Amino acid sequence: GHLQERTTDACDRYAQRLQANEVHNAAALIIDVPTGEVRAYVGNLTRAGADHAGQVDIVRARRSTGSVLKPFLYADMLQSGELLPDMLVADVPTQYNGFAPRNFDEQYSGATPASEALARSLNVPAVRELRKHGVDRTLRTLRAMGLASVDRTADDYGLSLIVGGAESSLWEIGGAYASMARILENFGRGGKSYHPGDVHAPLILAGTSADPDTAAWDPPLSAASIHFTLKALREVNRPEDEQGWKAFASKERIAWKTGTSVGHRDAWAVGMSDRWCVAVWTGNASGEGRPGLTGTLASAPLMFDLFALLPKGQGFDVPFDELVQAAICPMSGHLAGIDCPMADTLWIPRPGTRTAACPYHRHINVDDQEHWRVPPGEGHNTAWFILPPAMERYYAIRHPAYRTMPPLLDGLTSEDVVMEVLYPERGARLLIPTELDGSRGKAVVEVAHRDGDATINWDLDGVFLGTTKGEHRMALDPADGEHRLTLTDQNGRTLHHAFTVVGHDRH
(Lines give C-alpha, C1' and ligand atoms only; values in the text may rest on other atoms or scores of the structure.)
Protein backbone atom coordinates (compact mmCIF):
# COMPACT_ATOMS: atom_id res chain seq x y z
CA GLY A 1 0.00 0.00 0.00
CA HIS A 2 1.03 3.62 0.11
CA LEU A 3 2.80 3.26 3.50
CA GLN A 4 5.20 0.87 1.75
CA GLU A 5 5.93 3.50 -0.93
CA ARG A 6 6.35 6.31 1.59
CA THR A 7 8.69 4.14 3.66
CA THR A 8 10.80 3.27 0.61
CA ASP A 9 10.94 6.98 -0.34
CA ALA A 10 11.97 7.98 3.20
CA CYS A 11 14.77 5.36 3.16
CA ASP A 12 15.97 6.52 -0.26
CA ARG A 13 16.00 10.18 0.82
CA TYR A 14 17.93 9.22 3.94
CA ALA A 15 20.43 7.19 1.86
CA GLN A 16 22.21 10.39 0.81
CA ARG A 17 23.19 11.06 4.43
CA LEU A 18 24.51 7.53 4.76
CA GLN A 19 26.44 7.61 1.49
CA ALA A 20 28.26 10.76 2.56
CA ASN A 21 29.88 8.50 5.18
CA GLU A 22 30.35 5.60 2.71
CA VAL A 23 27.53 3.57 4.21
CA HIS A 24 25.63 1.93 1.35
CA ASN A 25 22.96 -0.33 2.80
CA ALA A 26 19.94 -0.05 5.06
CA ALA A 27 16.87 -2.08 5.93
CA ALA A 28 13.64 -1.19 7.72
CA LEU A 29 10.49 -2.86 9.06
CA ILE A 30 7.26 -1.30 10.26
CA ILE A 31 5.13 -3.73 12.26
CA ASP A 32 1.57 -3.19 13.48
CA VAL A 33 1.82 -4.03 17.20
CA PRO A 34 -1.73 -5.36 17.89
CA THR A 35 -1.71 -7.82 14.96
CA GLY A 36 2.00 -8.25 14.26
CA GLU A 37 1.41 -7.59 10.58
CA VAL A 38 4.24 -6.08 8.56
CA ARG A 39 3.03 -2.77 7.10
CA ALA A 40 6.29 -1.81 5.38
CA TYR A 41 9.32 -3.89 4.45
CA VAL A 42 12.47 -2.38 2.96
CA GLY A 43 15.06 -5.10 2.40
CA ASN A 44 17.72 -2.72 1.05
CA LEU A 45 18.20 0.71 -0.48
CA THR A 46 17.12 1.07 -4.11
CA ARG A 47 20.19 3.16 -4.79
CA ALA A 48 22.64 0.62 -3.35
CA GLY A 49 22.89 -0.97 -6.81
CA ALA A 50 24.87 -4.02 -7.87
CA ASP A 51 28.17 -2.56 -6.63
CA HIS A 52 26.91 -2.64 -3.04
CA ALA A 53 24.80 -5.82 -2.88
CA GLY A 54 21.62 -3.87 -3.53
CA GLN A 55 19.81 -7.13 -4.38
CA VAL A 56 20.43 -8.67 -0.92
CA ASP A 57 17.47 -8.71 1.50
CA ILE A 58 19.15 -7.50 4.69
CA VAL A 59 15.96 -7.82 6.78
CA ARG A 60 16.65 -11.56 7.01
CA ALA A 61 20.46 -11.36 7.32
CA ARG A 62 22.12 -12.39 10.60
CA ARG A 63 24.20 -9.51 11.99
CA SER A 64 25.87 -8.72 15.31
CA THR A 65 23.24 -7.39 17.71
CA GLY A 66 25.31 -4.76 19.53
CA SER A 67 23.25 -3.60 22.54
CA VAL A 68 19.74 -4.36 21.30
CA LEU A 69 19.32 -7.42 23.56
CA LYS A 70 19.89 -5.44 26.78
CA PRO A 71 16.20 -4.55 27.37
CA PHE A 72 15.28 -8.26 27.52
CA LEU A 73 17.84 -8.88 30.28
CA TYR A 74 16.66 -5.82 32.26
CA ALA A 75 13.02 -7.00 32.02
CA ASP A 76 13.98 -10.57 32.96
CA MET A 77 15.80 -9.38 36.09
CA LEU A 78 12.85 -7.16 37.11
CA GLN A 79 10.44 -10.08 36.86
CA SER A 80 12.72 -12.46 38.74
CA GLY A 81 13.05 -10.10 41.71
CA GLU A 82 16.77 -9.44 41.15
CA LEU A 83 16.44 -5.76 40.36
CA LEU A 84 14.23 -2.76 41.01
CA PRO A 85 13.81 -0.27 38.14
CA ASP A 86 16.09 2.46 39.56
CA MET A 87 18.32 0.38 41.82
CA LEU A 88 21.98 1.44 41.77
CA VAL A 89 24.15 -0.99 39.82
CA ALA A 90 27.95 -1.05 39.83
CA ASP A 91 29.77 0.61 36.94
CA VAL A 92 33.42 0.03 37.87
CA PRO A 93 36.43 -1.62 36.18
CA THR A 94 35.39 -5.24 35.78
CA GLN A 95 37.11 -8.36 34.55
CA TYR A 96 35.87 -11.95 34.46
CA ASN A 97 38.41 -14.55 33.34
CA GLY A 98 40.16 -11.96 31.21
CA PHE A 99 36.92 -10.59 29.68
CA ALA A 100 36.89 -6.88 30.46
CA PRO A 101 33.79 -5.02 29.21
CA ARG A 102 34.24 -1.32 28.35
CA ASN A 103 31.65 1.41 28.10
CA PHE A 104 31.33 3.24 24.79
CA ASP A 105 32.87 6.41 26.29
CA GLU A 106 35.57 4.44 28.17
CA GLN A 107 34.38 6.05 31.44
CA TYR A 108 32.96 4.61 34.66
CA SER A 109 30.24 6.20 36.77
CA GLY A 110 30.84 4.05 39.87
CA ALA A 111 27.15 3.44 40.44
CA THR A 112 24.17 4.29 38.27
CA PRO A 113 20.42 3.55 38.41
CA ALA A 114 19.68 0.39 36.42
CA SER A 115 17.12 2.24 34.28
CA GLU A 116 19.74 4.82 33.32
CA ALA A 117 22.36 2.15 32.65
CA LEU A 118 19.89 0.65 30.16
CA ALA A 119 18.96 3.95 28.50
CA ARG A 120 22.62 5.01 28.24
CA SER A 121 23.47 1.48 27.10
CA LEU A 122 26.37 1.06 29.52
CA ASN A 123 28.20 -2.20 28.83
CA VAL A 124 29.80 -2.75 32.23
CA PRO A 125 26.55 -2.89 34.25
CA ALA A 126 24.94 -5.06 31.54
CA VAL A 127 27.77 -7.61 31.71
CA ARG A 128 27.70 -7.61 35.54
CA GLU A 129 23.92 -8.12 35.47
CA LEU A 130 24.21 -10.93 32.90
CA ARG A 131 26.74 -12.68 35.13
CA LYS A 132 24.37 -12.41 38.09
CA HIS A 133 21.30 -13.53 36.12
CA GLY A 134 23.07 -16.27 34.19
CA VAL A 135 23.76 -16.69 30.48
CA ASP A 136 21.60 -19.85 30.20
CA ARG A 137 18.53 -18.23 31.74
CA THR A 138 18.97 -15.17 29.53
CA LEU A 139 19.25 -17.32 26.40
CA ARG A 140 16.02 -19.14 27.29
CA THR A 141 14.19 -15.80 27.56
CA LEU A 142 15.65 -14.44 24.31
CA ARG A 143 14.64 -17.59 22.41
CA ALA A 144 11.19 -17.62 23.97
CA MET A 145 10.76 -14.05 22.70
CA GLY A 146 11.48 -15.26 19.16
CA LEU A 147 15.23 -14.72 18.73
CA ALA A 148 15.84 -18.10 17.13
CA SER A 149 19.19 -17.10 15.58
CA VAL A 150 20.67 -16.71 19.06
CA ASP A 151 21.30 -20.43 18.80
CA ARG A 152 24.74 -21.15 20.21
CA THR A 153 25.51 -22.46 23.71
CA ALA A 154 25.89 -20.37 26.85
CA ASP A 155 29.57 -21.38 27.04
CA ASP A 156 30.06 -20.30 23.46
CA TYR A 157 28.63 -16.82 24.01
CA GLY A 158 29.80 -16.25 27.54
CA LEU A 159 29.31 -12.73 28.86
CA SER A 160 29.77 -11.14 25.43
CA LEU A 161 26.17 -12.23 24.67
CA ILE A 162 24.78 -8.93 25.92
CA VAL A 163 27.30 -6.59 24.26
CA GLY A 164 27.07 -7.83 20.67
CA GLY A 165 28.44 -11.37 20.88
CA ALA A 166 25.21 -12.80 19.42
CA GLU A 167 23.76 -12.46 15.94
CA SER A 168 20.17 -11.94 14.93
CA SER A 169 18.23 -10.42 12.04
CA LEU A 170 16.12 -7.28 11.79
CA TRP A 171 13.17 -9.64 11.20
CA GLU A 172 13.66 -11.41 14.55
CA ILE A 173 14.56 -8.28 16.49
CA GLY A 174 11.59 -6.34 15.13
CA GLY A 175 9.37 -9.32 15.95
CA ALA A 176 10.69 -9.64 19.51
CA TYR A 177 10.29 -5.91 20.27
CA ALA A 178 6.78 -5.89 18.72
CA SER A 179 5.89 -8.95 20.85
CA MET A 180 7.17 -7.16 23.96
CA ALA A 181 4.89 -4.19 23.15
CA ARG A 182 1.97 -6.55 22.38
CA ILE A 183 2.18 -8.36 25.75
CA LEU A 184 1.89 -5.00 27.51
CA GLU A 185 -0.78 -3.61 25.15
CA ASN A 186 -3.03 -6.69 25.49
CA PHE A 187 -2.52 -7.15 29.25
CA GLY A 188 -5.88 -7.27 31.01
CA ARG A 189 -7.91 -7.08 27.76
CA GLY A 190 -11.21 -8.95 27.99
CA GLY A 191 -10.57 -9.73 31.65
CA LYS A 192 -7.57 -11.98 30.92
CA SER A 193 -4.06 -11.09 32.04
CA TYR A 194 -2.35 -12.69 29.07
CA HIS A 195 -3.37 -13.89 25.64
CA PRO A 196 -1.71 -17.00 24.18
CA GLY A 197 -0.19 -16.22 20.83
CA ASP A 198 0.94 -12.69 21.78
CA VAL A 199 4.57 -13.60 21.16
CA HIS A 200 5.10 -14.37 17.48
CA ALA A 201 7.20 -13.52 14.45
CA PRO A 202 6.06 -10.69 12.17
CA LEU A 203 3.26 -11.70 9.76
CA ILE A 204 3.57 -10.89 6.09
CA LEU A 205 -0.01 -11.79 5.15
CA ALA A 206 -2.97 -10.41 7.05
CA GLY A 207 -5.08 -13.02 8.77
CA THR A 208 -2.35 -15.66 9.04
CA SER A 209 -2.14 -15.25 12.80
CA ALA A 210 -1.42 -18.27 14.93
CA ASP A 211 -4.57 -19.81 16.42
CA PRO A 212 -4.56 -18.68 20.02
CA ASP A 213 -4.74 -21.51 22.48
CA THR A 214 -7.33 -20.71 25.15
CA ALA A 215 -5.34 -22.33 27.97
CA ALA A 216 -3.77 -20.08 30.61
CA TRP A 217 -0.41 -18.83 29.44
CA ASP A 218 2.50 -17.04 31.06
CA PRO A 219 4.57 -15.01 28.62
CA PRO A 220 8.39 -15.05 28.71
CA LEU A 221 8.31 -11.49 30.15
CA SER A 222 5.65 -10.04 32.42
CA ALA A 223 3.63 -6.92 31.64
CA ALA A 224 5.08 -5.19 34.73
CA SER A 225 8.67 -5.89 33.68
CA ILE A 226 7.96 -4.64 30.14
CA HIS A 227 6.21 -1.53 31.50
CA PHE A 228 9.34 -0.46 33.41
CA THR A 229 11.65 -1.42 30.55
CA LEU A 230 9.76 0.79 28.10
CA LYS A 231 9.56 3.54 30.72
CA ALA A 232 13.37 3.52 30.99
CA LEU A 233 13.70 3.62 27.20
CA ARG A 234 11.29 6.57 26.99
CA GLU A 235 12.25 8.83 29.83
CA VAL A 236 15.77 8.55 31.04
CA ASN A 237 18.33 11.17 30.01
CA ARG A 238 20.22 10.26 26.90
CA PRO A 239 23.84 11.14 26.14
CA GLU A 240 24.36 14.75 25.06
CA ASP A 241 24.29 14.07 21.33
CA GLU A 242 20.78 12.62 21.63
CA GLN A 243 19.19 15.62 23.38
CA GLY A 244 17.75 16.99 20.14
CA TRP A 245 15.51 13.96 19.77
CA LYS A 246 14.26 13.94 23.31
CA ALA A 247 11.44 16.34 22.52
CA PHE A 248 10.33 14.17 19.63
CA ALA A 249 10.55 10.92 21.56
CA SER A 250 8.58 12.21 24.55
CA LYS A 251 5.88 13.80 22.39
CA GLU A 252 5.34 10.50 20.63
CA ARG A 253 5.77 8.41 23.79
CA ILE A 254 8.17 6.21 21.85
CA ALA A 255 10.40 3.79 23.74
CA TRP A 256 13.55 3.21 21.71
CA LYS A 257 16.87 1.45 21.87
CA THR A 258 19.94 1.67 19.69
CA GLY A 259 22.79 -0.77 19.17
CA THR A 260 26.19 -0.62 17.51
CA SER A 261 28.32 -3.68 16.76
CA VAL A 262 32.04 -3.90 17.46
CA GLY A 263 34.03 -2.20 14.71
CA HIS A 264 31.03 -0.04 13.70
CA ARG A 265 29.78 -2.60 11.18
CA ASP A 266 26.11 -2.57 12.24
CA ALA A 267 23.89 0.23 13.50
CA TRP A 268 20.46 -0.64 14.89
CA ALA A 269 17.51 1.38 16.17
CA VAL A 270 14.18 -0.08 17.30
CA GLY A 271 11.26 1.96 18.61
CA MET A 272 7.83 1.06 19.97
CA SER A 273 4.56 2.77 20.68
CA ASP A 274 1.36 0.91 21.60
CA ARG A 275 0.52 0.86 17.85
CA TRP A 276 3.79 0.51 15.98
CA CYS A 277 7.20 -1.09 16.10
CA VAL A 278 9.78 0.43 13.75
CA ALA A 279 13.09 -1.39 13.33
CA VAL A 280 16.03 -0.03 11.31
CA TRP A 281 19.47 -1.39 10.42
CA THR A 282 22.14 0.60 8.58
CA GLY A 283 25.62 -0.49 7.52
CA ASN A 284 27.48 -2.09 4.66
CA ALA A 285 26.45 -5.49 3.35
CA SER A 286 30.19 -6.07 2.81
CA GLY A 287 30.71 -5.79 6.58
CA GLU A 288 33.01 -2.78 6.24
CA GLY A 289 32.82 -0.62 9.36
CA ARG A 290 32.62 3.20 9.29
CA PRO A 291 33.64 5.59 12.10
CA GLY A 292 30.30 7.43 12.51
CA LEU A 293 28.20 4.30 12.10
CA THR A 294 26.38 4.07 15.43
CA GLY A 295 22.78 3.26 16.21
CA THR A 296 22.36 6.78 17.57
CA LEU A 297 23.85 8.70 14.67
CA ALA A 298 23.08 6.47 11.69
CA SER A 299 19.87 4.52 12.42
CA ALA A 300 17.80 6.44 14.97
CA PRO A 301 17.18 9.48 12.71
CA LEU A 302 15.74 7.20 10.01
CA MET A 303 13.61 5.40 12.61
CA PHE A 304 12.15 8.75 13.70
CA ASP A 305 11.57 9.74 10.04
CA LEU A 306 9.49 6.55 9.70
CA PHE A 307 7.53 7.19 12.91
CA ALA A 308 6.65 10.59 11.44
CA LEU A 309 4.76 8.77 8.64
CA LEU A 310 2.55 6.91 11.13
CA PRO A 311 -0.56 7.85 13.13
CA LYS A 312 0.34 8.49 16.75
CA GLY A 313 -0.26 5.95 19.49
CA GLN A 314 -2.23 6.56 22.70
CA GLY A 315 0.42 5.30 25.11
CA PHE A 316 0.27 2.06 27.11
CA ASP A 317 -1.94 1.50 30.15
CA VAL A 318 -0.06 0.87 33.40
CA PRO A 319 -0.42 -2.83 34.43
CA PHE A 320 -1.42 -2.05 38.03
CA ASP A 321 -2.56 -5.65 38.66
CA GLU A 322 1.11 -6.69 38.63
CA LEU A 323 2.41 -3.72 40.64
CA VAL A 324 2.57 -3.05 44.33
CA GLN A 325 3.46 0.13 46.23
CA ALA A 326 6.68 0.10 48.23
CA ALA A 327 8.86 2.51 50.20
CA ILE A 328 11.96 3.17 48.08
CA CYS A 329 15.18 4.91 49.15
CA PRO A 330 15.54 7.82 46.67
CA MET A 331 19.34 7.72 46.86
CA SER A 332 19.84 4.04 46.10
CA GLY A 333 16.65 2.91 44.36
CA HIS A 334 16.52 -0.04 46.79
CA LEU A 335 13.68 -0.85 49.14
CA ALA A 336 14.11 1.63 52.00
CA GLY A 337 15.89 0.15 55.03
CA ILE A 338 15.66 1.17 58.67
CA ASP A 339 18.65 3.53 58.28
CA CYS A 340 17.36 5.38 55.20
CA PRO A 341 16.45 8.97 56.18
CA MET A 342 13.81 9.33 53.45
CA ALA A 343 11.56 7.08 51.41
CA ASP A 344 9.40 7.60 48.33
CA THR A 345 6.25 5.53 47.91
CA LEU A 346 6.53 4.11 44.39
CA TRP A 347 4.92 1.39 42.28
CA ILE A 348 7.25 -1.55 41.67
CA PRO A 349 6.83 -5.01 40.09
CA ARG A 350 5.54 -7.48 42.70
CA PRO A 351 8.67 -9.69 42.62
CA GLY A 352 10.69 -6.57 43.53
CA THR A 353 9.52 -6.93 47.14
CA ARG A 354 12.08 -9.78 47.39
CA THR A 355 15.06 -7.51 46.65
CA ALA A 356 17.51 -6.44 49.38
CA ALA A 357 16.91 -3.33 51.47
CA CYS A 358 19.20 -0.36 50.86
CA PRO A 359 22.73 -1.42 51.87
CA TYR A 360 24.29 2.05 51.65
CA HIS A 361 22.80 4.05 54.53
CA ARG A 362 24.20 3.69 58.03
CA HIS A 363 23.74 5.62 61.22
CA ILE A 364 26.92 7.19 62.60
CA ASN A 365 27.77 9.63 65.40
CA VAL A 366 29.40 12.85 64.21
CA ASP A 367 30.49 16.13 65.74
CA ASP A 368 28.37 19.23 65.07
CA GLN A 369 30.30 20.21 61.93
CA GLU A 370 30.15 16.59 60.70
CA HIS A 371 33.92 16.57 60.20
CA TRP A 372 34.66 13.68 62.57
CA ARG A 373 32.99 10.57 63.87
CA VAL A 374 32.77 10.70 67.66
CA PRO A 375 31.92 8.22 70.45
CA PRO A 376 28.25 7.46 71.23
CA GLY A 377 26.74 10.12 73.47
CA GLU A 378 28.75 12.93 71.87
CA GLY A 379 27.79 15.04 68.84
CA HIS A 380 24.70 13.86 67.00
CA ASN A 381 23.57 10.75 65.19
CA THR A 382 22.90 10.93 61.46
CA ALA A 383 22.18 8.60 58.52
CA TRP A 384 25.12 8.62 56.11
CA PHE A 385 25.04 7.42 52.49
CA ILE A 386 28.24 5.46 51.91
CA LEU A 387 29.09 3.36 48.86
CA PRO A 388 31.64 0.52 48.79
CA PRO A 389 35.18 1.75 47.96
CA ALA A 390 35.18 0.79 44.26
CA MET A 391 31.81 2.39 43.53
CA GLU A 392 32.66 5.43 45.64
CA ARG A 393 35.92 6.10 43.83
CA TYR A 394 34.15 6.80 40.50
CA TYR A 395 30.78 7.98 41.85
CA ALA A 396 32.30 10.78 43.95
CA ILE A 397 33.95 12.34 40.88
CA ARG A 398 30.60 12.75 39.13
CA HIS A 399 28.50 13.63 42.18
CA PRO A 400 30.03 16.64 43.96
CA ALA A 401 27.32 16.45 46.64
CA TYR A 402 28.48 12.96 47.66
CA ARG A 403 30.34 13.13 50.97
CA THR A 404 32.79 10.44 51.98
CA MET A 405 32.37 9.23 55.54
CA PRO A 406 34.17 11.46 58.08
CA PRO A 407 37.25 9.93 59.71
CA LEU A 408 37.23 8.66 63.28
CA LEU A 409 38.35 10.99 66.04
CA ASP A 410 41.80 9.78 67.18
CA GLY A 411 41.86 6.66 69.24
CA LEU A 412 38.58 5.20 68.04
CA THR A 413 38.74 1.93 66.14
CA SER A 414 36.27 0.78 63.56
CA GLU A 415 35.46 -2.11 61.29
CA ASP A 416 35.17 0.15 58.24
CA VAL A 417 35.86 -1.31 54.83
CA VAL A 418 38.47 0.98 53.27
CA MET A 419 39.80 -1.28 50.50
CA GLU A 420 38.13 -3.45 47.91
CA VAL A 421 39.59 -5.75 45.26
CA LEU A 422 37.87 -4.97 41.94
CA TYR A 423 39.07 -8.19 40.29
CA PRO A 424 39.45 -11.04 40.68
CA GLU A 425 36.30 -11.19 42.82
CA ARG A 426 36.51 -12.91 46.21
CA GLY A 427 36.53 -16.68 45.70
CA ALA A 428 36.84 -16.26 41.93
CA ARG A 429 38.32 -18.93 39.68
CA LEU A 430 40.96 -17.14 37.67
CA LEU A 431 42.35 -18.21 34.30
CA ILE A 432 45.87 -16.93 33.62
CA PRO A 433 46.17 -16.05 29.93
CA THR A 434 48.74 -17.67 27.69
CA GLU A 435 50.66 -15.11 25.61
CA LEU A 436 50.85 -15.40 21.83
CA ASP A 437 54.36 -16.85 22.04
CA GLY A 438 53.08 -19.62 24.33
CA SER A 439 54.57 -18.24 27.55
CA ARG A 440 52.48 -17.89 30.68
CA GLY A 441 50.86 -14.46 31.00
CA LYS A 442 50.02 -12.45 34.08
CA ALA A 443 46.73 -11.63 35.77
CA VAL A 444 46.23 -8.00 36.73
CA VAL A 445 44.71 -7.34 40.15
CA GLU A 446 43.15 -3.93 40.79
CA VAL A 447 42.27 -2.50 44.20
CA ALA A 448 40.26 0.57 45.20
CA HIS A 449 40.98 2.45 48.44
CA ARG A 450 38.75 5.14 49.96
CA ASP A 451 41.77 7.39 50.53
CA GLY A 452 43.06 8.68 47.19
CA ASP A 453 46.63 9.02 48.54
CA ALA A 454 46.78 5.66 50.28
CA THR A 455 49.84 3.41 50.10
CA ILE A 456 49.19 -0.34 49.95
CA ASN A 457 51.67 -3.15 50.63
CA TRP A 458 50.92 -6.33 48.68
CA ASP A 459 51.57 -9.82 49.99
CA LEU A 460 50.67 -13.07 48.20
CA ASP A 461 50.76 -16.26 50.28
CA GLY A 462 53.23 -14.66 52.71
CA VAL A 463 55.56 -13.29 50.02
CA PHE A 464 55.95 -9.49 49.78
CA LEU A 465 55.21 -8.31 46.21
CA GLY A 466 55.66 -4.55 46.43
CA THR A 467 53.90 -1.29 47.22
CA THR A 468 51.44 0.83 45.24
CA LYS A 469 50.32 4.43 45.77
CA GLY A 470 47.30 6.23 44.28
CA GLU A 471 46.59 3.71 41.51
CA HIS A 472 46.61 0.20 42.92
CA ARG A 473 47.30 -2.37 40.20
CA MET A 474 49.68 -5.29 40.23
CA ALA A 475 50.42 -7.98 37.63
CA LEU A 476 50.62 -11.41 39.27
CA ASP A 477 51.64 -14.79 37.97
CA PRO A 478 50.56 -17.25 40.67
CA ALA A 479 50.77 -21.01 40.19
CA ASP A 480 47.59 -23.06 39.80
CA GLY A 481 45.69 -23.59 43.04
CA GLU A 482 44.37 -21.51 45.93
CA HIS A 483 45.92 -18.19 46.92
CA ARG A 484 45.53 -15.58 49.61
CA LEU A 485 46.29 -11.96 48.90
CA THR A 486 46.89 -9.69 51.91
CA LEU A 487 46.76 -5.93 51.44
CA THR A 488 47.91 -3.56 54.17
CA ASP A 489 47.59 0.22 53.99
CA GLN A 490 49.77 2.88 55.64
CA ASN A 491 47.51 2.87 58.72
CA GLY A 492 47.91 -0.86 59.21
CA ARG A 493 44.41 -1.74 58.01
CA THR A 494 44.41 -5.09 56.19
CA LEU A 495 42.24 -6.87 53.69
CA HIS A 496 42.47 -10.62 52.98
CA HIS A 497 41.27 -11.84 49.62
CA ALA A 498 41.19 -15.48 48.51
CA PHE A 499 40.96 -16.71 44.93
CA THR A 500 41.82 -19.83 42.91
CA VAL A 501 43.93 -20.07 39.75
CA VAL A 502 42.72 -22.78 37.36
CA GLY A 503 45.09 -23.74 34.58
CA HIS A 504 45.82 -21.64 31.56
CA ASP A 505 43.60 -19.97 29.10
CA ARG A 506 44.98 -20.93 25.71
CA HIS A 507 43.64 -18.58 23.07
Side-chain angles (χ1 to χ4, degrees), residues 64-104 108-109 111-147 149-168 172-173 176-177 180 220-222 225-226 228-229 232-233 257-262 268 295 333 349 351-352 355-356 390-391 422-431:
S64 162
T65 51
S67 294
V68 296
L69 305 184
K70 287 175 183 168
F72 300 100
L73 173 60
Y74 177 77
D76 211 4
M77 292 187 76
L78 288 175
Q79 77 172 0
S80 59
E82 293 170 289
L83 204 58
L84 287 176
D86 302 318
M87 186 186 274
L88 286 180
V89 292
D91 180 20
V92 297
T94 299
Q95 229 183 60
Y96 300 119
N97 283 347
F99 177 63
R102 299 259 187 282
N103 293 326
F104 195 70
Y108 299 100
S109 54
T112 188
S115 54
E116 194 177 312
L118 174 64
R120 290 180 54 211
S121 210
L122 298 177
N123 289 332
V124 172
V127 166
R128 296 179 70 95
E129 283 162 27
L130 176 61
R131 183 162 183 264
K132 182 175 166 186
H133 188 66
V135 178
D136 258 323
R137 277 172 83 190
T138 306
L139 282 171
R140 281 201 293 279
T141 300
L142 293 172
R143 288 166 189 156
M145 286 302 295
L147 295 161
S149 297
V150 185
D151 54 9
R152 297 179 1 229
T153 64
D155 281 350
D156 222 17
Y157 287 120
L159 297 174
S160 72
L161 170 71
I162 208 68
V163 290
E167 293 191 333
S168 183
E172 285 182 355
I173 287 166
Y177 273 79
M180 192 158 49
L221 295 173
S222 69
S225 68
I226 295 168
F228 284 104
T229 301
L233 295 176
K257 181 79 191 74
T258 56
T260 306
S261 69
V262 175
W268 306 85
T355 55
M391 284 165 119
L422 286 114
Y423 46 81
E425 292 191 328
R426 195 178 291 280
R429 294 161 64 78
L430 189 66
L431 281 125

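As the structure is a prediction and not an experimental result, all values here were calculated from the model.
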Any side-chain heavy atom of [X] within less than 4.5 Å of one from [Y]?
| X | Y | answer |
| --- | --- | --- |
| R128 | T94 | yes |
| L122 | V89 | no |
| L147 | T65 | no |
| L233 | P71 | yes |
| V163 | L130 | no |
| N123 | R102 | no |
| E425 | Y96 | yes |
| F228 | S115 | no |

side-chain contact (heavy atoms from CB on, under 4.5 Å) partner of E82, the single match among E129, H133, M87: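 Exactly one candidate clears the test, H133.
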Reference residue L78; test side-chain contact (heavy atoms from CB on, under 4.5 Å); the match among T229, L73, I226: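 Of the listed residues T229, L73, I226, the side-chain contact (heavy atoms from CB on, under 4.5 Å) partner of L78 is T229.
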Where is the tightest heavy-atom contact between [X] and [Y], given as atom of each residue plus distance?
| X | Y | answer |
| --- | --- | --- |
| S121 | K257 | OG-NZ, 2.8 Å |
| G164 | S64 | O-OG, 2.9 Å |
| G81 | T355 | O-CG2, 3.3 Å |
| P85 | A114 | O-CB, 3.7 Å |
| Q79 | P220 | NE2-O, 2.8 Å |
| S225 | S222 | OG-O, 2.9 Å |

Rounded distance (nearest 0.5 Å) linking atom [atom1] of [X] with atom [atom2] of [Y]:
| X | Y | atom1 | atom2 | value |
| --- | --- | --- | --- | --- |
| M180 | F72 | CE | CZ | 4.0 Å |
| S261 | W268 | OG | CH2 | 9.0 Å |
| Y177 | E172 | OH | CD | 13.5 Å |
| T141 | R143 | OG1 | CZ | 10.5 Å |
| L118 | E116 | CG | CD | 10.5 Å |
| D136 | Y157 | CG | OH | 12.0 Å |

With distance as the sole test, does N103 use its side chain to make a donor-acceptor pair with the main-chain N or O of V124 at under 3.5 Å?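 Answer holds: yes.
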Answer with yes or no whether the side chains of D91 and T112 bring together a donor and an acceptor at under 3.5 Å.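 Side chains of T112 and D91: no pair found under 3.5 Å.
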Starting from the C-alpha separation in whole Å, work towards a yes-or-no answer on side-chain contact (heavy atoms from CB on, under 4.5 Å) for V150 and L139. CA-CA 7 Å; V150 185; L139 282 171; 3.5 Å; yes
Count the heavy atoms belonging to other residues, nucleotides or ligands that lie under 6.0 Å from CZ of R152, then report whether that count exceeds 12.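 Yes, because the 6.0 Å sphere around CZ of R152 holds more than 12 heavy atoms from other groups.
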